[in-house]
Amino acid sequence: CIWWWPMPMPTCLRPPARQAPGTLADRPPRRLLLNGFPLQVVSGRTAASVHAVLDFYQERCHRAASAALPPPSHRQEDDDSGVLVAAAGDGAELLRQMLARRLHYVHLAPVCLALAQRLGDLTDYVAVFSELPIPPQVLTPPSGRDAPGSDLPGVPRPEGALRSFSLIEPATGYTVISYVSFAPADSAIAAVLSQLRGAGFAEDSPFSRAT
């Protein structure tokens, strides 16, 4: 079950997030909390190619590295779409820590994730920046335990369920939280609806029909 609910939450984050060159509309970066972990997101549409967009974000992420060996990254692309995951920092030290600690570099250094999709003569893109390494429990919550973050005040939690994911945009107050229930689907949905109605919530019929 996924619920949307307004919940303002302050956060401080100042990574080097910028829109790609040639972006058609100026949009300020968006601050998000993924399972309680702060991220910053920029998005837009540009006439630049998928290759040029990924080049921009890869260079921007690697610019922070002071060592001769660039930090590790993963990049896959064609003319129509592409994805980049790049770390920032000393590449040699990151490789050493990856071997010693057996962790992916996203858990050892600030990272940038960029996605680009060519649509006609334009490219849509999203770039996500972290100011710090992403803790392993953020991306892979421990088995049998809640993911980091918190439930929503005033919203009943599904009985016997575990929180698996939360995404909060503090500036707008929008929140998405999902739970994993170990009951059969029909029983889980019926129980959640009963809890929500008991707490004073009512179904939005037009929205329900639309979805």
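What you are looking at is a predicted structure, and each value in this text was computed from that prediction instead of being measured.
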If every non-hydrogen atom of [X] is compared with every non-hydrogen atom of [Y], which pair is closest and at what distance?
X      : Y      : answer
Leu69  : Ala92  : CD2-N, 3.5 Å
Pro170 : Ile168 : CD-O, 3.4 Å
Val111 : Ala87  : CG1-CA, 4.2 Å
Ala88  : Ala109 : O-CB, 3.2 Å
Ala116 : Thr123 : CB-CG2, 3.9 Å
Cys61  : Ala86  : SG-O, 3.5 Å

### Query
For Arg45, what residues pass the salt bridge (charged side-chain N to carboxylate O under 4.0 Å, His left out) criterion, not counting sequence neighbours?
Asp124
### Summary
Those residues at least two apart in sequence (or on a different chain) that pass salt bridge (charged side-chain N to carboxylate O under 4.0 Å, His left out) with Arg75 are Asp55, Glu77
### Query
Which residue pairs pass the salt bridge (charged side-chain N to carboxylate O under 4.0 Å, His left out) test when at least one of the two sits in residues 187-196, sequence neighbours left out?
none
Let me confirm one number: the [atom1]-[atom2] distance from [X] to [Y], rounded to the nearest 0.5 Å.
X      : Y      : atom1 : atom2 : answer
Arg118 : Ser49  : CZ    : OG    : 7.0 Å
Gln76  : Leu84  : CD    : CG    : 11.5 Å
Leu115 : Ser43  : CG    : OG    : 11.0 Å
Cys112 : Leu39  : SG    : CG    : 11.0 Å
Leu167 : Thr175 : CG    : OG1   : 8.0 Å
Phe129 : Arg18  : CZ    : CZ    : 9.5 Å

### Query
Is a donor on one side and an acceptor on the other found under 3.5 Å between the side chain of Thr46 and the backbone of Pro21?
yes
#### Entry: Under 3.5 Å donor-acceptor, Asn35 side chain and Ser166 backbone
yes
Side chains of [X] and [Y] in contact at under 4.5 Å (non-hydrogen atoms):
X      : Y      : result
His51  : Phe56  : no
Ser130 : Phe37  : yes
Thr140 : Pro136 : no
Asp78  : Val50  : no
Gln117 : Ser81  : yes
Phe165 : Val180 : no

Answer with yes or no whether the hydrophobic clustering places [X] together with [Y]; edges join I, L, V, M, F, W, Y residues whose side-chain heavy atoms lie under 4.5 Å apart.
X      : Y      : result
Val83  : Leu34  : yes
Leu122 : Val126 : no
Tyr179 : Leu193 : no
Ile189 : Phe201 : no

### Task
Salt-bridge test for Arg163 and Asp151: reply yes if a basic N is under 4.0 Å from a carboxylate O, no otherwise.
yes
### Pairing of Arg31 and Glu169 as salt bridge, 4.0 angstrom limit
no
Can you list the residues that meet the side-chain hydrogen bond (donor to acceptor under 3.5 Å, both in side chains) rule with [X], with sequence neighbours excluded?
X      : answer
Gln137 : none
Tyr125 : Thr23
Ser164 : Ser178

## Note on the structure
Quick note, side chain to side chain donor-acceptor pair (under 3.5 Å) partners involving residues 182-207, not counting sequence neighbours, are Glu203-Ser208
Run the side chain to side chain contact (heavy atoms under 4.5 Å, CB included) test against [X] and tell me which residues pass, sequence neighbours left out.
X      : value
Ala100 : none
Leu108 : Leu94, Gln97, Met98, Arg101, Leu103
Ala191 : none
Ala190 : none

### Message
For the CD atom on Glu93, are there more than 12 heavy atoms of other groups (residues, nucleotides or ligands in this structure) within a distance under 6.0 Å?
### Response
yes
#### Entry: Candidate list Val85, Val41, Val106, test side chain to side chain contact (heavy atoms under 4.5 Å, CB included), partner Leu113, passing option
Val85
